[in-house]
Protein chains: 2
Amino acid sequence: MGGRRSGIGESQIVETLRAHPLFRGVPLEDLMELIRAGTWRTWPAGHFLFLEGDSAEGLYVLLEGYVKVIQTDAAGQEAVVQMAGPGEPLGLIALFADQPYPASAQTMAPCRTLWIPGAVFREFLLQHPAVALRILHLLAERLHEAHRRLLEVSVLRVERRLARVLVRLAGRLGRRTAEGIELALPLSREELAELCGTRLHTVSRLLNRWQRAGWVRLGRRRIVLRQPHALVALAEELEGPRGLGS
Amino acid sequence: MGGRRSGIGESQIVETLRAHPLFRGVPLEDLMELIRAGTWRTWPAGHFLFLEGDSAEGLYVLLEGYVKVIQTDAAGQEAVVQMAGPGEPLGLIALFADQPYPASAQTMAPCRTLWIPGAVFREFLLQHPAVALRILHLLAERLHEAHRRLLEVSVLRVERRLARVLVRLAGRLGRRTAEGIELALPLSREELAELCGTRLHTVSRLLNRWQRAGWVRLGRRRIVLRQPHALVALAEELEGPRGLGS
DNA sequence: CGGCTCATTGACTCAGCTCAATATCGGTGG
DNA sequence: CCACCGATATTGAGCTGAGTCAATGAGCCG
């Protein structure tokens with residue numbers, strides 16, 4: 001799988017890590033130890049940091065770029081379990097649950113990562129319990145998010161789920177343009193489908209319906225929200241069993 | 001909400017906690033501090049330890065009994081997010097993400113809990129990073145489980161999801177009887193439905209179909225798996241888009 | 001230009017939801 | 001002990017959201 005050790009000096013990594021909220025307050029020399037034990041890499045878009053089932057020897061910290069984390073079932077059906085952006089650690093589950101990677105991580109854009117051997121990182125956490133608490137914070141939030149999505153997939157219709165996914169993505173990765181909010185990273189219809197637990201056809205149909213209504217503008221791997229409020233309304237609207245009609 | 005401070009002596013709690021894998025290796029006197037800062041309670045079945053949205057001042061450790069953790073959406077639809085058994089901590093997300101409880105916890109049977117103030121527990125973790133690592137382990141496993149369920153709900157049919165839920169429950173809470181494996185705690189059809197993201201009607205229909213096939217025997221809040229292998233087969237069987245027929 | 005990936009759209013099907021009615025269990029009070 | 005009640009469960013009928021199958025279209029790269 002792609003990725004080369006890069007020649008760029010350490011100073012840049014050091015600065016990135018020092019600025020990282022996870023490592024706030026950690027003495028510089030302890031950080032240096034982490035960095036020296038680890039490996040810095042760059043990745044082109046579309047490559048896999050790791051595959052579901054790979055044995056996990058360490059942790060990735062995504063310094064730059066975007067990665068999607070995918071879970072696959074026995075028959076090859078996929079669900080996007082997480083969209084990770086700059087600063088996020090990847091491979092936490094494998095590291096702490098002490099098992100092979102439970103999902104695959106694929107770069108969506110050119111990325112830079114720092115890889116840290118698991119044993120080193122665990123030792124580091126024992127020395128820096130405050131950082132452990134921050135990771136607990138992070139995992140707790142991810143768990144919360146997963147529960148929320150579980151509820152949504154169990155209870156909401158696709159239309160509403162898709163609206164929510166778009167609104168959330170726009171919030172996290174939206175770029176303001178003259179026309180509206182444009183999603184900064186290019187997602188295919190299929191990836192969108194995997195994000196909301198449906199099929200690309202259904203996504204395509206819904207998006208085009210919304211385009212006809214003037215709510216969005218579509219392109220190849222490109223979506224602009226022209227009337228975000230409409231989508232928000234759709235996303236939040238109350239819906240008991242048997243909706244209130246649209 | 002029910003629950004009274006119980007009069008039973010501390011010695012029993014101490015023993016329970018000392019035997020708890022989470023606290024292995026912790027000096028007795030540190031444990032005592034936790035216990036003294038905390039509160040021991042018993043709960044009848046059907047009561048709520050906490051409700052979604054309540055502000056969270058601490059952590060529950062479930063010493064005995066079973067609790068279901070429920071997430072509710074704006075329209076009142078519910079999903080069971082977790083079934084907790086003896087030994088499991090509850091309220092971790094609220095504690096670490098520093099937010100109100102993101103879900104409600106309802107006792108399914110008479111329960112005993114130890115409640116520990118959040119600040120005390122956080123301080124305790126700073127003193128005992130090894131315990132923090134174990135909690136990381138626990139959260140990592142829960143996250144993994146949540147991701148697995150997310151994939152299942154996104155990709156599998158109800159029939160298969162229900163089969164999986166039953167098989168898993170039987171594994172965790174099954175009691176061997178002459179007739180087969182009986183689920184130890186009484187779940188209504190509706191609760192089962194909330195566990196696999198469907199409606200009670202669908203659960204009822206499927207279960208009765210299986211009963212006719214001799215795979216299960218049903219009662220009011222009671223299920224006996226008479227031919228677990230049949231359910232396992234159904235649960236694991238490959239299923240591409242458009243199944244292979246039953 | 002040819003070939004690729006990505007996207008759209010139509011036609012058909014059906015799993016599972018909704019709506020509605022009835023049945024059964026278990027407990028409670030007369 | 002029986003009558004009654006609420007909670008739980010079963011079952012039917014009908015509808016529809018969304019999946020499947022299939023074909024075509026459109027953008028992009030070598």
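Only heavy atoms go into these numbers, but all of them, side chains included; no hydrogens, no water, no symmetry mates. Proteins come first, then strands; the chains are lettered A, B, ... in the order of their sequence lines, and each starts at number 1. What you are looking at is a predicted structure, and each value in this text was computed from that prediction instead of being measured.
Using modelled atom types and a 3.5 Å distance limit, the side chains of S55(B) and E57(B) yield a donor-acceptor pair. The closest side-chain donor-acceptor pair between Q82(B) and E88(B) falls under 3.5 angstrom.
Under 4.0 angstrom from either OP1 or OP2 of dT9(C) there lies at least one side-chain N or O belonging to N208(A). For dA7(C), neither phosphate oxygen OP1 nor OP2 lies less than 4.0 angstrom from any side-chain nitrogen or oxygen of S204(A). For S188(A), no side-chain nitrogen or oxygen approaches OP1 or OP2 of dC6(C) to under 4.0 Å. An OP1 or OP2 oxygen of dT11(D) is reached within less than 4.0 angstrom by a side-chain nitrogen or oxygen of R212(B).
dT10(D) atom P lies 11 Å from atom CG of L192(B), rounded to whole Å. Between the CG atom of L156(A) and the C1' atom of dG17(D) there is a distance of 14 Å, given to the nearest Å. Summarising the geometry, the separation between CG on L206(B) and P on dG16(C) is reported as 7 Å, rounded to the nearest angstrom. Rounded to whole Å, the distance from CZ on R157(B) to P on dA18(D) is 15 Å. One interatomic measurement links the two molecules: CD of E159(B) to P of dG16(C), which rounds to 8 Å at whole-angstrom precision. Between R199(B) atom CZ and dT11(D) atom C1' there is a gap of 18 Å when expressed in whole angstrom units. As a whole-Å value, the separation of R209(A) CZ from dG10(C) P is 13 Å. Atom CZ of R217(B) is separated from atom C1' of dT10(D) by 17 Å (rounded to the nearest Å).
Between the side chain of R226(B) and the main chain of V216(B), no donor-acceptor pair closer than 3.5 Å is present. With R112(A) contributing its side chain and L63(A) its backbone, the two residues share no donor-acceptor pair below 3.5 Å.
Where R205(A) and R222(A) each meet DNA chain C at their nearest nucleotide, the meeting point lying more 5' is that of R222(A). Between S154(A) and R189(A), the residue whose closest nucleotide on DNA chain C is further toward the 5' end is R189(A).
Distances were taken from every side-chain heavy atom of H201(A) (C-beta onward) to each of dT8(C), dG19(D), dC17(C); the shortest belongs to dT8(C). Minimum atom distance to the side chain of T202(B) is reached by dG16(C), of the listed dG16(C), dG19(D), dG17(D).
Using a 4.0 Å heavy-atom cutoff across all strands shown, L218(B) reaches sugar-phosphate atoms only and no base atom.
Of all non-hydrogen atoms in L150(B) and S154(B), the two that sit nearest each other are O-OG, 2.7 Å.
Judged by distance alone with a 3.5 Å cut-off, a donor-acceptor contact links the side chain of R220(B) to the base of dA7(D).
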